[in-house]
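Structure, as C-alpha cells:
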Amino acid sequence: MEETPLENAIRDEAEHAIRVIAQREAAEMKRLSDAFADEMEEFKKRTEARTDAGIRQESSRMENRAGLDLKKLKLKYIEAFIKRTVEEVAEGIRDNSQYKGFLLEAVTHAVGRTSMDLEIRLKSEDLVHEQEIREAMKVSEKTRDMIVVEDKKIRWGGCVIVDVHGGRIFDSTIERISFRKSPEIRREVMALLGKPAGDAM
C-alpha cells in the first residue's frame with residue numbers, strides 16, 4: 001500500500017524534528033561534556049596548586065628540620081671533639097715540665113690565705129712532691145701545720161687545700177680549672193675549626 005502525500009509529509013516532518021532534536025541533544029551533550037572537561041581541568045589545576053603548595057610547605061619544613069638536626073649533630077660532634085681533646089690534654093698534663101711548678105704555686109697561693117691547720121689533697125701520683133711542697137712553704141715563710149693526703153677524686157692532677165679551722169676549700173685541680181676555662185677553650189677550638197664560637201655550622 002502506497003503512502004499518501006500526507007503520510008510522506010508527516011514522516012518527513014517527524015524525521016526532520018527527530019534530526020533537529022538529535023542535533024540539539026548532541027550540541028547540549030557536547031556543551032555539557034566541554035563544561036565538565038573545563039571544570040575537571042580547573043579542579044585538577046586547583047588540586048595541583050594546593051598539592052604543590054603543600055609539597056613545598058612540607059619540603060620547606062623538612063629542609064628546616066633537617067638543617068636543624070644537622071646543626072645539632074655537628075654541634076654534638078664538635079662538643080664531643082672538644083671534650084675528648086680537653087681530656088687528652090688534661091690526662092697528659094702531669095708529664096709537662098711546668099706541672100710541678102704549677103702545683104707548688106697553687107699550694108703556696110692558697111696557703112697564704114688560710115689559717116694554721118691545713119690539709120693538702122693530691123692525686124696519688126703527686127704524693128712524691130710532698131717534700132718539695134713542704135720546702136716551698138718554708139722558703140715562702142708560710143709555714144703551717146699541714147698534712148698531705150691522697151684524694152682519689154682528683155682525676156687529672158692539681159690539688160685541693162682545706163683550711164681545717166677556717167672551713168675554706170681551695171680547689172686548684174685540673175678538673176676545676178678546665179671547667180672554669182671551658183668557654184674559653186671552646187672559643188679557641190671553634191676558632192681553630194674556622195667557625196664563630198656561637199655557630200656550629
Side-chain angles (χ1 to χ4, degrees), residues 62-201:
M62 288 175 67
E63 284 176 11
N64 290 339
R65 189 181 307 130
L68 195 60
D69 288 345
L70 184 59
K71 281 186 177 182
K72 287 180 182 177
L73 187 61
K74 285 187 177 183
L75 185 59
K76 180 180 174 183
Y77 280 123
I78 288 172
E79 293 297 340
F81 170 76
I82 291 171
K83 182 181 177 188
R84 190 169 60 249
T85 302
V86 167
E87 287 181 356
E88 287 176 7
V89 171
E91 285 170 358
I93 204 164
R94 294 180 61 262
D95 299 327
N96 189 293
S97 60
Q98 297 178 5
Y99 175 72
K100 185 168 68 174
F102 154 77
L103 188 62
L104 296 175
E105 184 181 341
V107 171
T108 55
H109 176 74
V111 165
R113 299 160 60 191
T114 61
S115 64
M116 295 302 291
D117 293 333
L118 302 175
E119 181 179 283
I120 299 175
R121 300 175 184 172
L122 300 172
K123 184 177 172 67
S124 60
E125 291 87 343
D126 288 336
L127 291 174
V128 296
H129 301 302
E130 179 178 351
Q131 189 55 44
E132 291 167 291
I133 289 170
R134 291 184 182 279
E135 290 297 324
M137 295 302 98
K138 290 177 185 176
V139 171
S140 64
E141 299 181 354
K142 295 175 181 175
T143 305
R144 298 283 191 277
D145 293 328
M146 65 175 155
I147 59 170
V148 178
V149 298
E150 175 187 356
D151 188 338
K152 294 185 183 298
K153 293 179 183 176
I154 299 176
R155 178 182 171 194
W156 293 328
C159 60
V160 174
I161 305 204
V162 180
D163 182 346
V164 177
H165 294 301
R168 300 171 74 190
I169 297 175
F170 299 88
D171 189 340
S172 293
T173 58
I174 303 302
E175 291 94 318
R176 181 62 185 165
I177 292 168
S178 69
F179 176 77
R180 285 197 313 262
K181 294 283 188 180
S182 59
E184 184 179 330
I185 292 168
R186 187 178 190 280
R187 280 194 299 272
E188 289 183 11
V189 171
M190 297 300 280
L192 288 172
L193 294 173
K195 303 174 187 307
D199 184 8
M201 289 301 291

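Position 1 is the first residue of the sequence, and the numbers go up from there.
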Exercise for review: Mark yes when over 12 heavy atoms from residues, nucleotides or ligands other than E105 sit less than 6.0 Å from its CD; otherwise mark no.
Suggested key: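 Atom CD in E105 is not crowded, with 12 or fewer foreign heavy atoms closer than 6.0 Å.
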
Exercise for review: Just do the side-chain contact (heavy atoms from CB on, under 4.5 Å) check on E87 and R155 with the steps written out, would you?
Suggested key: CA-CA 10 Å; E87 287 181 356; R155 178 182 171 194; 3.9 Å; yes

Practice item. Check each of N96, I177, I93, V107 against F102 using the side chain to side chain contact (heavy atoms under 4.5 Å, CB included) test, and report the only one that passes. Key: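 Between F102 and the candidates, side chain to side chain contact (heavy atoms under 4.5 Å, CB included) is satisfied uniquely by I177.
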
Report the distance from atom [atom1] of [X] to atom [atom2] of [Y], rounding to the nearest 0.5 Å.
| X | Y | atom1 | atom2 | value |
| --- | --- | --- | --- | --- |
| I120 | L127 | CD1 | CG | 11.0 Å |
| L103 | K100 | CG | NZ | 10.0 Å |
| E184 | R187 | CD | CZ | 6.0 Å |
| K153 | E175 | NZ | CD | 12.0 Å |
| D163 | I169 | CG | CD1 | 9.5 Å |

Review point. Is any NZ, NE, NH1 or NH2 atom of the basic residue among K83 and E79 found under 4.0 Å from an Asp or Glu carboxylate oxygen of the other?
Key: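 A salt bridge is absent here (no side-chain N lies under 4.0 Å from a carboxylate O).
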
Point to revise | NZ/NE/NH1/NH2 to OD/OE distance under 4.0 Å, E125 and R94 | key: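 Looking at E125 and R94, the cut-off is not met.
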
Check your understanding: Taking the side chain from E132 and the backbone from L104, do they hold a donor-acceptor pair closer than 3.5 Å?
Key ->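 Here the side-chain-to-backbone pair does not exist.
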
If you look at every heavy atom in [X] and [Y], which pair is closest and at what distance?
| X | Y | result |
| --- | --- | --- |
| I161 | A110 | CD1-CB, 3.8 Å |
| V164 | E119 | CG2-N, 4.2 Å |
| L122 | G158 | CD2-O, 3.9 Å |

Point to revise | Check: D151 and T173 side chains under 4.5 Å, non-hydrogen atoms | key: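 No, side chains not in contact.
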
Exercise for review: Report yes if some heavy atom in the side chain of I154 is under 4.5 Å from a heavy atom in the side chain of D126; otherwise report no.
Suggested key: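 They are not in side-chain contact.
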
Exercise for review: Carefully, step by step, assess W156 and K123 under the rule side-chain contact (heavy atoms from CB on, under 4.5 Å).
Suggested key: CA-CA 8 Å; W156 293 328; K123 184 177 172 67; over 6 Å; no

Exercise for review: Could you go through the side-chain contact (heavy atoms from CB on, under 4.5 Å) check for V148 and R134 one step at a time?
Suggested key: CA-CA 9 Å; V148 178; R134 291 184 182 279; 4.1 Å; yes

